[in-house]
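Throughout, residue positions are numbered sequentially from 1 according to the sequence presented. These numbers come from a predicted model, not from an experiment. For the numbers below, each heavy atom of this structure counts, side chains included, while hydrogens, waters and symmetry mates do not. Counting starts at 1 for both ligands and their atoms, following the listed order.
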Amino acid sequence: MRKKQHRATATKDHGASNATPPRRPEKPFHLVLLGAPGVGKGTQAQLICERLGTCHLSTGDLLRAAEGRLHDGRNPALEAALDSMHRGELVPDATVLDLVRERVRSLHCAGGFLLDGFPRTVAQAEALANLLHKEKIRLTAVLDYELPLAKVIARLGGRRICQACNAVFHVSARPSRVAGLCDHCGGSLHQRDDDRPEAIRTRMKVYEQSTRPLINYYAQRGVLITVSAAGGLEEIYQRGLVALNGLFPKRS
Ligand SMILES: [Zn+2]
């Protein structure tokens with residue numbers, strides 16, 4: 001909860017000042033978002049949904065919602081999937097697809113949809129293609145946010161988390177007023193093991209290897225849009241929007 005609040009504030013601060021008024025697309029977008037940890041995909045997903053009214057379907061949210069319902073009926077497949085999620089491992093294709101299928105109404109959301117965290121494999125992408133075909137929905141684009149490894153390391157490596165309230169700071173981009181101490185509660189800030197350069201390099205390598213086939217899959221189908229994730233939040237957002245608007249022929 002707290003973490004979300006801090007994030008929302010950060011987004012507002014960046015977005016409100018120099019934002020050009022958002023242009024609503026002619027059609028709702030049906031999007032898949034891809035991007036390695038640290039490129040800011042989550043924030044972009046949030047901006048797109050806030051400003052374009054797109055329904056956000058994230059695997060994490062779907063799993064957490066399912067977890068909330070789990071207390072009565074036992075569902076071994078779902079329990080196994082939740083265990084995988086808690087261990088930070090990949091959730092089986094079939095389970096994820098079941099969860100997306102349960103939310104099939106969201107795929108028809110008037111503002112379009114944005115899938116975040118799914119598909120993660122070519123098998124999942126094929127299953128999604130079948131589902132969309134059945135629902136007579138065309139995937140508009142797959143936005144792939146890319147950032148060079150050195151920049152990812154600079155971004156994630158500077159991250160500091162409050163041990164008490166989980167607020168997120170950054171040594172250069174969003175420093176706390178007093179070094180090492182949380183602005184909100186005075187708790188001490190620390191670096192997660194995950195955010196150390198070696199861990200980041202390993203994670204990026206794993207991501208790269210596991211996602212490459214998926215990126216190729218969408219590139220071959222002509223729906224892949226690579227967006228540079230360099231620069232500020234607003235800059236990246238506008239870059240994505242320009243690419244998306246470019247997909248639709250202009251009306252005169
Ligand atoms: Zn704190």
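The structure places OH of Y207 at 5.0 Å from CG of L34, a figure rounded to the nearest 0.5 Å.
Put simply, H184 stays out of reach of the Zn ion (ligand 1), with no N, O or S atom under 2.8 Å from it.
To the nearest 10 degrees, the Zn ion (ligand 1) sees SG of C182 and SG of C162 at an angle of 110°. The SG atom of C185 and the SG atom of C165 meet at the Zn ion (ligand 1) at an angle of about 120°, given to 10°.
Ion pairing between a basic and an acidic side chain is recognised when a charged N comes within 4.0 Å of a carboxylate O; K205 and E208 show no such pairing.
Of the possible donor and acceptor atoms, one in the side chain of R203 sits under 3.5 Å from a partner among the backbone N and O of D194. Under a 3.5 Å cut-off, the side chain of E235 and the backbone N or O of A230 do not form any donor-acceptor pair.
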